[in-house]
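Working notes, beginning with the structure itself.
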Amino acid sequence: MQALESETTEALVAEIHALKQERGAAILAHNYQRPEIQDLADVVADSLQMARRATVLDAPVLVICGVHFMAESAAIANPDKQVLIPDLDAGCSLAATIQAKDVRAWRATHPGGVVVAYVNTAAQVKAESDYCCTSGNAVSVIRALPPGVPVLFLPDFFLGSYLKRVTGREMDIWMGECHVHAGMTHETLEERRNQYPDAEFLVHPECGCVTSAMYYAEAEGDVAAGRMQIVSTEQMMRRARSSRKRRFIVATETGVLHRLRRENPDKEFVAAAESAECRYMKLITLKKLRDSLLYLQHEVTVPPPIASRARRAIDRMLAIG
Ligand code: 13P
Ligand code: SF4
């Protein structure tokens, strides 16, 4: 049984490589993808780097191994390329908390207001927004906003609260949350701190424990001591490389552990919560990736009027950082 499974995996991997060549396709995978998907991707990155790399890759077909809003971002930035996602059900519980009509309702009561949308949103929501941001550049985007105007940050409440505290900018914050990150709480952090007093903590700002992480960072000097970093998944990769610590507690979706371990074989990475798995990211399998390349499915397109308005918000983000 074991042998059969590994033969099947090998056969699928070989087929994917051959089809990729035949189609002239590039595979972009998010840091939360299954290890076997990350291992054969051309790009493995956070949502910001995926958006950037999608625009510079010289390939007529882009297969996005990630969730739907990431495929939409690639389609918006690459109207001349065919953008595929291996499973159309790969959505995002955070993106689903807000609709375009919610943004219009806020604007109606805040004339002259500015809307900043985290990339984890549908294209229609981005089209109603002024700026996009990712966890990798959100602080720079908020700092670049014109002063004295009302601001709505959406849709993640924990990331928004973190941004408000770091930048000091007053803003309305949408009450959305990601089911994976919200589950990592103050207690999760506390337990791991007691268990691993010598470890460095890499905490994604969508986590329910981000306020506690900031408290430790500020009140207990954990940042100065190199113990607490609040960072995007790509910044986690950089920090793990540059830090002198040997052991890290990683508070985000557990898919990042694969790359962290592969790139830093002499360091130890422990999940803040083993249960932190995004069921949408994990919908992408080798078989679905093979079928995607074989049948050129499932194409993701964004209607041009929505795409051009969403592109404005994405381009503003890319111009800032
Ligand atoms: P990054 O911004 O680090 O890519 O994270 C995206 C995401 O979906 C977080 O859950
Ligand atoms: Fe969305 Fe959360 Fe999954 Fe990220 S981890 S894609 S925010 S549901």
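Bear in mind that the values here come from a model prediction, so they are computed numbers and not experimental data.
- Shortest non-hydrogen contact noted between Arg246 and Asp266 is NH2-OD2, 2.9 Å.
- Contact check for Phe248 versus Asn264: no side-chain heavy atoms found under the 4.5 Å cut-off.
- Each of Arg193, Arg247, Arg227 was evaluated against Asp198; a single residue qualifies, Arg247, per the salt bridge (Lys or Arg N to Asp or Glu O under 4.0 Å) test.
- Taking every heavy atom of both residues into account, Cys65 and Leu289 meet most closely at SG-CD1, 4.0 Å.
- Looking only at side-chain heavy atoms (C-beta outward), Ile37 and Leu286 come within less than 4.5 Å of each other.
- The closest donor-acceptor contact from the side chain of Lys20 to the backbone of Leu40 lies at 3.5 Å or more, if one exists at all.
- Between the Arg192 side chain and the Val250 main chain, no donor and acceptor come within less than 3.5 Å of each other.
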(message) Evaluate Thr252 against His181 for side chain to side chain donor-acceptor pair (under 3.5 Å), listing each step before the verdict.
(response) CA-CA 6 Å; Thr252 191; His181 288 86; 2.7 Å; yes
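- Applying the ring-ring contact (aromatic ring centres under 6.0 Å, His included) definition to pairs two or more places apart or across chains, those involving residues 106-165 are Trp106-His110.
- When Arg279, Lys282, Lys287, Lys288 are each tested for a salt bridge (Lys or Arg N to Asp or Glu O under 4.0 Å) with Asp87, only one passes: Lys288.
- When side chains are defined from C-beta on, Val119 counts as touching Met317, because their heavy atoms get closer than 4.5 Å.
- Using a 4.5 Å heavy-atom cutoff, the side chains of Val67 and His30 are not in contact.
- Here the shortest heavy-atom pairing between Val44 and Gln38 reads CG2-O, 3.4 Å.
- Side-chain atoms of Glu253 come within 3.5 Å of backbone N or O of Gly255 as a donor-acceptor pair.
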(request) Under the side chain to side chain contact (heavy atoms under 4.5 Å, CB included) rule, what do Val13 and Glu10 come out as? Steps first, then yes or no, please. (result) CA-CA 5 Å; Val13 169; Glu10 274 170 27; 5.7 Å; no
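- Between Met70 and Leu28 there is no side-chain heavy-atom pair separated by less than 4.5 Å.
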(request) Report the C-alpha separation of Glu234 and Arg259 in whole Å, then their side-chain angles, then the decisive distance to 0.1 Å, and conclude whether the salt bridge (charged side-chain N to carboxylate O under 4.0 Å, His left out) test is met. (result) CA-CA 10 Å; Glu234 203 57 33; Arg259 210 180 131 198; 3.1 Å; yes
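- Taking both residues in full, the closest heavy atoms of Ala123 and Ile76 are given as CB-CD1, 3.9 Å, listed atom of the first, atom of the second, then distance.
- Each of Ile16, Leu57, Val43 was evaluated against Ile27; a single residue qualifies, Ile16, per the side chain to side chain contact (heavy atoms under 4.5 Å, CB included) test.
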(request) Please test Leu260 against Met237 for side chain to side chain contact (heavy atoms under 4.5 Å, CB included), starting from the C-alpha separation and ending with a verdict. (result) CA-CA 6 Å; Leu260 283 167; Met237 303 297 157; 3.7 Å; yes
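- The local environment of CD in Gln21 is sparse, with at most 12 non-hydrogen atoms from other residues, nucleotides or ligands closer than 6.0 Å.
- When every heavy atom of Thr121 is checked against every heavy atom of Lys126, the shortest pair comes out as O-NZ, 2.7 Å.
- A donor-acceptor pair is defined here as one N or O able to donate and one able to accept, closer than 3.5 Å; no such pair exists between the side chain of Lys81 and the backbone of Leu62.
- Between Val151 and Glu170, every side-chain heavy-atom pair lies at or beyond the 4.5 Å cut-off.
- Look at Arg34 and Glu277 and you find no salt bridge, because none of the NZ, NE, NH1 or NH2 atoms lies under 4.0 Å from a carboxylate O.
- Contact of the Ile320 side chain with the Asn137 side chain is not registered, since no non-hydrogen atoms from C-beta on lie closer than 4.5 Å.
- Shown here for Arg239 and Glu200, the closest heavy-atom pair between the two residues is NE-OE2, 2.6 Å.
- Gln33 places a side-chain N or O within 3.5 Å of a backbone atom of Met281 that can act as its donor or acceptor partner.
- Between the side chain of Asn120 and the backbone N or O of Ala95 there is no donor-acceptor pair closer than 3.5 Å.
- The number of heavy atoms from other shown groups lying within 6.0 Å of CG (Asp58) does not exceed 12.
- The existence of a salt bridge linking Arg262 and Asp39 is confirmed by a sub-4.0 Å separation between a basic side-chain nitrogen and an acidic carboxylate oxygen.
- Between Asp130 and Arg312 there is no salt bridge, since no side-chain nitrogen of the basic residue lies less than 4.0 Å from a carboxylate oxygen of the acidic one.
- Other residues, nucleotides and ligands place no more than 12 heavy atoms under 6.0 Å from the CD atom of Gln124.
- Side chains of Gln195 and Val270 form no contact here, defined as non-hydrogen atoms less than 4.5 Å apart.
- Enclosure of atom CZ in Arg107 by more than 12 non-hydrogen atoms of other residues, nucleotides or ligands within 6.0 angstrom is indicated.
- Asn194 places no side-chain N or O within 3.5 Å of a backbone atom of Glu191 that could act as its donor or acceptor partner.
- A distance-only check finds a donor-acceptor pair linking the side chain of Thr55 to the backbone of Arg52 [under 3.5 Å].
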